[in-house]
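Written out below as structure tokens is the structure these notes cover.
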Amino acid sequence: MERMKAIFVVTAAMAFALSPLMTDGFAGFRPDQFPIPQVDPPVQPAGYAFAIWGVIYLWLIAGAIFGLLKRAEAADWDAMRWPLIASLVIGAAWIPVAQMSPFWATVLIWGMLVTALWALLSAGAADRIWMRTPIALYAGWLTAASCVALGLMLAGHGIINAQLAALAMIVLALVISLVVTMLRRDAPEYAGAVIWALIGVIVANLGTSNVAVLVLCAGGIAVLVVTALRVRPA
């Protein structure tokens with residue numbers, strides 16, 4: 001059964017990575033997908049930041065193949081496989097859903113995040129490069145992406161304005177990130193992915209007078225860096 005789960009991880013990782021190629025891709029929610037169009041929302045990172053997906057896709061596949069060939073029956077790998085499979089399967093279907101419904105896409109991406117964090121916290125201490133790093137990068141970026149999606153939903157449906165949504169979601173992402181960083185002290189790549197997203201938000205807001213978002217992101221980056229350095233294993 002362990003080997004079969006390892007095969008499932010490889011299959012799910014490949015399906016996830018191929019999903020952008022099997023669809024029209026995803027460049028963000030369209031402004032007109034919301035009752036209140038979201039044009040240049042302050043919560044969203046600059047477009048270049050999404051290039052991290054290429055690294056995540058390739059590393060997840062490489063790690064999954066390594067796990068199948070070298071660690072198919074290793075207990076520390078097996079513990080994280082079911083939640084990772086669940087997250088990747090949801091992810092493989094995410095783009096078509098996002099093209100049709102931001103609401104359901106937001107529900108799904110939070111499901112991806114929860115299962116990805118479960119996988120990260122369940123992963124063993126060995127094979128950092130092949131197991132922990134790709135999952136940590138994936139879970140870290142999903143932490144930011146999930147909060148961005150929720151922020152767009154809140155502002156796009158008039159629950160709160162775009163500025164308040166951005167500030168609230170940045171704080172939420174930071175809280176989740178700090179907790180996970182302290183729980184998984186040997187996976188600084190997780191915090192690194194969140195920091196990458198926060199830098200993207202700063203870049204997206206540089207041409208505006210949105211000082212609150214810029215200061216919050218910069219402060220959040222500093223706190224994450226200090227926390228990751230302080231809790232890392234000796």
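Atom set for the values below is all heavy atoms of this structure, side chains included, hydrogens, waters and symmetry mates excluded.
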Problem - Verdict with supporting geometry, F8 and V89, side chain to side chain contact (heavy atoms under 4.5 Å, CB included) - result: CA-CA 10 Å; F8 286 162; V89 168; over 6 Å; no
Are [X] and [Y] joined in one hydrophobic group, where the rule is that I, L, V, M, F, W and Y side chains link up if heavy atoms are under 4.5 Å apart?
X    : Y    : answer
I36  : L164 : no
V175 : I109 : yes
L88  : L58  : no
M4   : V9   : yes
L229 : I221 : yes

Side-chain heavy atoms of [X] within contact of [Y], under 4.5 Å:
X    : Y    : answer
P20  : I95  : yes
W118 : S87  : no
M153 : V107 : no
T115 : L84  : no
V171 : L167 : no
L174 : V223 : no
V43  : Q38  : no

Sequence neighbours left out, what pairs pass side-chain hydrogen bond (donor to acceptor under 3.5 Å, both in side chains) with at least one residue falling in [range]?
range            : value
residues 139-155 : T143-Y190
residues 89-101  : none
residues 194-208 : none

For a quick test of reading the model, state the closest non-hydrogen atom pair linking [X] to [Y] and the distance between them.
X    : Y    : answer
N210 : Q163 : ND2-OE1, 2.6 Å
V10  : A64  : CG2-O, 3.3 Å
A46  : A204 : N-CB, 3.6 Å
S19  : A92  : CB-O, 3.5 Å
F29  : A149 : CE1-CB, 4.3 Å
P233 : R185 : CD-O, 3.3 Å

Exercise for the section: Test L142 against every option in L117, L113, V114, V194 by the side chain to side chain contact (heavy atoms under 4.5 Å, CB included) rule and name the one that passes. Expected result: L113
Exercise for the section: List for me each residue that meets salt bridge (Lys or Arg N to Asp or Glu O under 4.0 Å) alongside R30, sequence neighbours excluded, and say none if there are none. Expected result: D32
Completion exercise
salt bridge (Lys or Arg N to Asp or Glu O under 4.0 Å) filter on R128, not counting sequence neighbours, yields E189
Roughly how far, to the nearest 0.5 Å, is [atom2] of [Y] from [atom1] of [X]?
X    : Y    : atom1 : atom2 : result
C147 : L152 : SG    : CG    : 11.5 Å
I160 : M169 : CD1   : CE    : 6.0 Å
L154 : I159 : CG    : CD1   : 5.0 Å
I135 : L60  : CD1   : CG    : 7.5 Å
L216 : L198 : CG    : CG    : 8.0 Å

Rest of the hydrophobic cluster containing [X] (Ile/Leu/Val/Met/Phe/Trp/Tyr, side-chain heavy atoms under 4.5 Å)?
X    : value
M22  : L18, L21
V215 : V211
V179 : L121, L183

Exercise for the section: Would you mind listing every ring pair (Phe, Tyr, Trp, His ring centres under 6.0 Å) that reaches into residues 95-115, with sequence neighbours excluded? Expected result: none
List the atom pairs, donor and acceptor, that lie under 3.5 Å between side-chain atoms in residues 72-83 and the rest of the protein, sequence neighbours left out.
residue : atom : partner : partner atom : Å
W77     : NE1  : D127    : OD2          : 2.9
D78     : OD1  : K5      : NZ           : 3.0
D78     : OD2  : K5      : NZ           : 2.9
R81     : NH1  : A72     : O            : 3.0
R81     : NH2  : G67     : O            : 3.3
R81     : NH2  : R71     : O            : 3.0

Exercise for the section: Mind checking ring pair (Phe, Tyr, Trp, His ring centres under 6.0 Å) for W130 and listing every partner two or more places apart, or none if nothing turns up? Expected result: F66
Under 3.5 Å, which donor-acceptor pairs do the side chains of residues 49-57 form with other protein atoms, sequence neighbours left out?
none

Main chain of [Y], side chain of [X]: is a donor-acceptor contact present, judged purely on distance under 3.5 Å?
X    : Y    : answer
R232 : T227 : no
Q33  : A98  : yes
R132 : L120 : no

